[in-house]
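So you know, we letter chains A, B, ... as the sequences are listed, proteins then strands, and number each from 1.
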Amino acid sequence: MICIGNKLYDKISVLNDYLSKNSIHKIYVFSPDKIMTDFKIDAEYISYKNIIEYEYFYRLLQEIDQYSLLVVDECMRTQNRNDLTYNCLRHYINQAGHIIIFQYLPIISDINDFMILFDFDTKSQWKREKFDKELIRQSCIKVNTIDLSFNQINIDTPENIILKYEKEKSKLFSSIGLRDPDVIPRNLYLITGSEKIKHIKDDYLYVARNNRFKYNNIRTYRDVVKPDNYTIFEFPHNFIDFTDFLYSSQQLSFSILCTNIKVDQWYTDRYYNWLNNLRDVYSKIQ
Amino acid sequence: MFIQKYNRDLNVLDAAKQRISFIFDNYENVIVSISGGKDSSVLAHLALLEANKRNRKVGLFFLDEEVVYQSTVEQVEYLMSLYPANTNRLWLQIEFDLTNATSFEESQLKCWEKGKHKKWMRSKNPKNIINPPWGNDVIFRAGYKWLDFYGVIENFERMYNNTAFLVGLRATESPNRWRAVSKNPVYINGETVFYGTQKPQNNVSYYPLYDWNFHDVWKYIYDSNLKYSKIYDYLFKKGFGINEIRISSLIHERSFKSLCELPEFEPDTYNKLTERIKGIQFAQETGRNAKVFKAQKLPNNFKLWSQYRDFLLDTYPYQDKKEIFIKRFSKHRENEFVARQQVRQLVLNDYENNVPVINKEDPRIELINYYMEVL
């Protein structure tokens with residue numbers, strides 16, 4: 001069973017309901033350290049990073065049987081469907097009698113990400129197949145749609161900042177050498193921050209890529225934030241950081257600070273596209 | 001076109017036994033290649049059981065590279081001793097060239113080199129084959145003027161006709177190699193066999209464990225109470241990942257990283273190795289350094305991989321092997337993505353092309369052009 005879009009209390013409720021209907025001898029919960037959750041049940045909690053460790057791998061292969069329940073909680077961490085951690089999880093899953101997969105959002109960025117969850121639920125029978133609306137009917141999928149929305153707040157940028165941006169841009173392109181090309185948008189994005197910071201309000205909470213401005217009301221994507229109302233100061237480059245933030249903040253509607261510098265609009269467009277993609281996935285998996 | 005049918009009702013052990021039985025039915029001469037690793041140990045045991053059941057003999061072929069773990073030597077000796085009445089001991093300890101990826105000064109190790117017996121890692125065993133069994137009738141591989149590892153194997157196999165060579169290759173461990181060896185099925189007595197490769201002189205290489213996964217191998221070792229190389233235990237204790245826990249040679253292009261842990265695992269072997277060949281201490285210290293053998297980071301002295309490659313080529317000490325690199329690189333594209341891989345080949349002294357170059361456009365350039373357009 002794949003459960004999409006559940007918050008903690010929903011997950012506990014799903015688990016308790018499942019346990020009352022099935023004979024389970026032992027429960028294993030797999031979850032990333034960062035968002036490891038106490039489900040208030042008697043279970044062994046195994047961190048995502050430990051899934052591949054020998055001290056767990058061989059013991060679990062010996063222990064897991066038809067009476068074991070595996071709770072795979074928020075374990076979609078990479079888009080590589082053949083990732084070693086996923087492969088190890090599959091070995092555990094293949095031996096277990098009961099599986100519940102919890103994932104807040106059904107993708108990281110691409111519809112085929114969903115097939116990672118689908119593989120878990122179908123014991124990897126269709127591991128070579130791409131996303132297919134008919135194929136996923138093989139799986140029991142319970143979807144609670146997370147209806148996100150973005151609202152762009154435009155900030156006018158003075159001419160001197162635009163000039164600074166253009167100067168930095170040509171410098172980055174000419175000196176990129178052998179460095180990762182993603183350095184270009186990442187570094188250019190930082191320039192827009194120095195303009196945006198003039199527009200933040202003391203009584204608002206913001207989320208940014210890092211804590212370079214040392215403001216008390218700015219959190220970073222690395223923080224495990226409490227549910228609240230955050231304004232997006234800037235987006236992270238990697239979608240997984242944003243999905244982690246969405247899970248811990250549980251926020252649905254976001255205001256986004258956006259200057260009229262090209263890179264800012266590029267990042268904002270990139271996340272609007274991501275949002276459209278997410279909505280499209282919801283329509284296909286329901 | 002044939003479509004291969006896979007019998008999902010049969011477990012991999014029973015399937016392997018059936019395959020080995022089929023091979024024994026069809027070949028009078030069966031030889032298992034062993035390395036001292038877990039896969040070939042299992043394969044040798046299965047073949048020995050079948051030979052014992054039929055009161056026949058099976059050849060256990062071990063090409064001794066001299067510079068191997070002591071645990072490997074012990075494991076091979078153990079396999080040879082399991083069913084002596086059913087074993088043809090084909091343990092080759094002969095002189096041949098082995099690439100030494102750890103040193104440019106001594107880029108080749110002549111294993112078991114004549115006149116250097118005082119420096120050998122250990123003495124030859126008189127029970128083994130200690131002189132080339134093909135006498136003076138040696139052939140060299142195309143493009144080679146010396147006898148290398150694969151050259152020895154070719155010469156060895158050339159001595160046989162109608163022989164089944166069993167290899168412990170598993171598809172999950174090396175999908176590319178598996179695809180290469182299995183694309184042309186073997187036709188034997190009316191049957192199409194997909195787990196084999198036709199060789200000259202009607203010899204065939206068979207891969208009876210092709211569908212085993214690593215836990216199948218360990219289960220068999222446990223269930224059969226077989227001994228296995230201690231190196232696996234050492235690697236296990238060090239917390240190596242599932243895909244890293246393997247026994248390999250100590251000095252060639254793909255395995256020099258084993259040297260990093262060798263002093264901990266087998267201090268005596270490490271000591272002997274440092275006296276035997278140059279470059280060992282350096283590789284032991286830098287085997288995991290991104291700027292050295294891994295060629296993942298460009299040394300500070302160079303701005304481009306192509307500059308570094310040209311420097312390595314200019315200063316390459318052996319003209320004959322330098323020609324091999326120059327000829328090979330002339331067929332490659334000229335970009336940084338390719339140049340980095342060429343550097344890796346040069347640093348590892350991989351004139352045999354064991355770590356091949358992916359010859360394609362630099363994916364970074366496409367992305368940089370995109371950013372130039374949109375930002």
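- Remark: A:Asn80 CG is packed, more than 12 non-hydrogen atoms of other residues, nucleotides or ligands lying under 6.0 Å away.
- Put simply, the side chain of B:Leu375 does not reach to within 4.5 Å of the side chain of A:Tyr189, judged on heavy atoms.
- Only the side chain of B:Trp218 comes within less than 4.5 Å of a heavy atom of chain A; its backbone N, CA, C and O stay farther away.
- Nearest heavy atoms, B:Glu373 versus A:Lys262: O-NZ, 4.2 Å.
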Please step through side chain to side chain contact (heavy atoms under 4.5 Å, CB included) for the pair A:Ile184 and B:Met372, ending with a clear verdict. CA-CA 9 Å; A:Ile184 297 169; B:Met372 204 171 272; over 6 Å; no
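- Interface remark: B:Leu298 contributes side-chain atoms only to the contact with chain A (heavy atom separation under 4.5 Å).
- Of all the listed residues (B:Glu336, B:Arg340, B:Lys303), the one sharing the greatest number of non-hydrogen pairs under 4.5 Å with chain A is B:Glu336.
- Within a 6.0 Å sphere centred on NZ of A:Lys123, other residues, nucleotides and ligands contribute more than 12 heavy atoms.
- Two residues are said to be in side-chain contact when any heavy atoms from C-beta on lie closer than 4.5 Å; B:Leu367 and A:Asp182 meet this criterion.
- No more than 12 heavy atoms of other residues, nucleotides or ligands shown are found within 6.0 angstrom of NZ on B:Lys230.
- Of all heavy-atom pairs between B:Arg364 and A:Ile176, the closest is NH2-CG1, 4.1 Å.
- Heavy-atom contacts from other residues, nucleotides or ligands closer than 6.0 Å to OH of A:Tyr272 number more than 12.
- Contacts of B:Asp362 with chain A are absent, with no heavy-atom separation under 4.5 Å from either backbone or side chain.
- Within 6.0 Å of atom NZ in A:Lys26, more than 12 heavy atoms from other residues, nucleotides or ligands are found, so the atom counts as buried in its surroundings.
- The two residues A:Phe173 and B:Tyr371 have their closest heavy-atom pair at CZ-C, 3.5 Å.
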